[in-house]
Amino acid sequence: MIKSNQNFSRLPERYLFLDIAKRVAAFSKANPEADIIRMGIGDVTRPLAPAVIKAMHEAVDDCAAQSTFHGYGPERGYLWLREAISKYDYAERGVNVQPDDIFVNDGAKSDTGNIGDILSTDGLVGITDPVYPVYVDTNLMRGSVIRYITCNEENGYSGDIPDAKIDVIYLCYPNNPTGAVITRAKLKQWVDYALANGSLIMYDSAYEAFIRDPEIPHSIYEIEGARKCAIEFRSFSKTAGFTGIRCGYTVVPQELTVSDGRGGTVRLNEMWERRQSCKFNGASYISQRGALAIYTEEGRAQIRETIDYYLETARIIRKSMEEAGLEPQGGENAPYIWAKTPKGMTSWQFFDELLNKAAVVVTPGSGFGPAGEGYFRITSFADRDRTIEAMQRIKNIL
Ligand code: MLT
């Protein structure tokens, strides 16, 4: 008989958000009259910006005529989009990221999961805990050895710099799930550690658009030396409501090299192009045209307004939680709010209690790793009135 990939036996039975969806579906089936408020998965609820809609309509029209039809796109994404990313996401902040460093994709989740294809499984992989489960699950699938880097209140949810060598380090800031941000000084410590140890940092900055504090770095490339030791993942999902459209990008700097295992070095940019051109056929022309519209004057103003809406929702959540004595964290430069469960409940106990007694869905902290046990996460990607209603229901059962 053909043998399955044995590494799958190291995975939790279900992907966290599928697990939650199945539990909520079972509850809904048993309680068809329940008015469920979903604040679990960080899926956007506001419609796309008008500038994006217009651009995508035009792109569809292009595809309706022989002379403007688009088939397969360039393997790294259309140059016009990569130039806009380079200019507006980086150059405007004084950061050097060139169009040739950029690979447009169908969202950050795919690339954070797939990037391991270009690395050996020999190295030790360090993953902050609690964490977005994709980094852990995908590394377990490919047989990597993982070490958790505990993040807690004491280290500002940005981990202690390890005293031994870790080869590949996953960092995500603004953080999912804790909503914490990383200071420039701390990020510099991580970059310096990577440069000194020949480590590679996988930097997920999918939530950078939520940063309002000017002192907080948006990109790891704001730190000197990072082009030699870091890959960065960005997404239009949370920035511009693209969770259903699918488009994002990965930055693999031209000068980023690793050992080729034969005494030489190899450029990861070249390897990633090789991997992507073989296994991926690009984000659609229509979604890339939509993404380009995010960088127009009106597009930028419109998406900022939407993010401001979510941040205001986050503020309301924090305030209600404080009133309920829950000591929330995050939600100021990030869409997620993180808090200890009340009455010493485990994360899943509190999840069940909220679902059964209040019909409110949150994310159990332990689903994000061992350090998340005893915590829960609430997302601000929710409708304002429903959020207020959810917070009232939570207060009522505490
Ligand atoms: C989350 O809720 O953590 C995110 O929505 C998951 C994702 O972006 O894939």
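Because the structure is a prediction, the values reported are computed rather than measured. If you read the sequence from its start, that first residue is 1, and numbering goes on from there. Atoms within each ligand, like the ligands themselves, are counted from 1 in listed order.
Listed for the R315 side chain is no donor-acceptor partner under 3.5 Å among the backbone atoms of E332.
Considering backbone and side-chain N/O atoms, I41 never comes within less than 3.5 Å of an N/O atom of ligand 1. Considering backbone and side-chain N/O atoms, K238 comes within less than 3.5 Å of an N/O atom of ligand 1. Below 3.5 Å of separation, one finds an N or O of R377 facing an N or O of ligand 1. Residue-to-ligand polar distances keep D43 apart from ligand 1: every N/O pair is separated by 3.5 Å or more.
Remark: distances from the non-hydrogen atoms of F17 to ligand 1 include one below 4.0 Å.
The ligand atoms of ligand 1 that sit less than 4.0 angstrom from a heavy atom of N176 are 1 (C), 3 (O). Numbered from 1 in the order shown, with element, the atoms of ligand 1 that lie under 4.0 Å from a heavy atom of Y336 read 1 (C), 2 (O), 3 (O), 4 (C), 5 (O).
No side-chain donor from either of Y203 and Y173 sits under 3.5 Å from a side-chain acceptor of the other.
In summary, the aromatic rings of F280 and F103 are positioned with their centroids too far apart to meet the 6.0 Å limit. Taking the centre of each ring, Y90 and Y295 stay at or above the 6.0 Å mark.
The residues R275 and E273 are annotated as not salt-bridged, no charged nitrogen and carboxylate oxygen being separated by less than 4.0 angstrom.
By the 6.0 Å and 45° rule, R82 does not stack over the aromatic ring of Y249.
V181 and I216 make their closest contact through CG2-CD1, 3.7 Å (heavy atoms, listed as atom of the first residue, atom of the second, distance).
Residue contacts with ligand 1 for F368 are absent, since no atom lies close enough (heavy atoms, distance under 4.0 Å).
Looking only at protein heavy atoms, the nearest one to atom 7 (C) of ligand 1 is Y132 OH, 3.2 Å.
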